[in-house]
Amino acid sequence: MRLQWVYERLYGHFGPQHWWPAETPFEVMVGAILTQNTAWTNVEKAIANLRANHTLSARAIAATPQPQLAEWLRPSGYFNVKAERLQSFCRWLLEPGRRQRLEQLATDELRHTLLSVKGVGRETADDMVLYAFARPVFVIDAYTRRLFSRLGLITGEEGYETLRALVEEAFGRSAEQVALFNEFHALIVAHAKDYCRKRPLCRGCPLARRCPSCEG
DNA sequence: AACCAGGAGACAT
DNA sequence: ATGTCTCATGGT
């Protein structure tokens, strides 16, 4: 089966996902850091705390004492680590001309630059590149690897860059694919939440019968 | 009550 | 290059 088939099947079943759930590109980047290995519902609570304390901006976060920031981030887990990461990221973002320069970078350079920031790994950087900067990269996560593996498309041992290249080359890397990459990653998450986690056999799953572990 | 969630970095091998 | 440990809350 092809990745195009998987995408069409998921889209037909779940419909548009309207990702990323955030108001501004900056909020996308904040969410990308806070959701590292953490349920999104917990991230929402942390973001609500920031908003309630008028701290949902790079300047406010950069100016907040780290222990205070950590308290607001508590619901999202790893709050000490994330307070450090979020604050250093914001200070980096606030450097003169930084944001303007980022916008001018080619997609690969933008990705490489974001990766150079401590606390921003591959998935987080790609979340930002795709959902905050609207550039054509595909985000790989644990769900993607598990789903593709169950579908027999990969062995499961492939590294992050290998999987990213697999998807990007299957659809192409032109700017036209931004909307598709946006939707596809969100659909994989939606599928994982509705089927592969709660119901291992994927009863009613749009990918049933194509997924060896789903054929009960 | 163990297990996992839209990972990343430090460190050892 | 690749594996292991740590960071931590909240829902099932």
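Sequence lines set the chain letters: A, B, ... in the order given, protein chains first and strands last, and positions in each chain run from 1. All values below were derived from every heavy atom in this structure, side-chain atoms included, with hydrogens, water molecules and symmetry-related copies excluded. What you see is a predicted model, and the numbers here were worked out from it, not measured in a lab.
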Residue set satisfying ring pair (Phe, Tyr, Trp, His ring centres under 6.0 Å) with A/His112, at least two apart, ordered chain then number -> none
Separation of C/dC7 atom P from A/Phe79 atom CZ, nearest Å, is 11 Å
Angle between ring planes, A/Phe171 versus A/Phe184, binned at 30° and 60°: parallel, tilted or perpendicular? perpendicular
Which nucleotide in B/dA8, B/dA10, B/dA5 has an atom nearest any side-chain atom of A/Arg146: B/dA5
Give one of base, sugar-phosphate or nothing for A/Asp127, where a contact means two heavy atoms less than 4.0 Å apart. nothing
Between B/dA8, C/dT9, C/dC7, which nucleotide gets closest to the side-chain atoms of A/Arg74? C/dT9
Under a 4.0 Å heavy-atom cut-off, which of residues 41-54 of chain A touch DNA chain B? none
Side chain of A/Lys118 (C-beta onward), nearest among B/dA10, B/dA8, C/dA8: B/dA10
Regarding the side chain of A/Tyr78, the nearest nucleotide among C/dA8, B/dA8, B/dA5 is C/dA8
Is there a donor in the side chain of A/Asp141 and an acceptor in the side chain of A/Thr144, or the other way round, less than 3.5 Å apart? yes
Identify whether any heavy atom of A/Lys82 sits under 4.0 Å from a base atom; if not, whether one sits that close to sugar-phosphate; answer base, sugar-phosphate or nothing. nothing
Where the side chain of A/Arg85 is defined as all heavy atoms beyond and including C-beta, which of B/dA8, C/dG10, C/dA8 is the nearest nucleotide? B/dA8
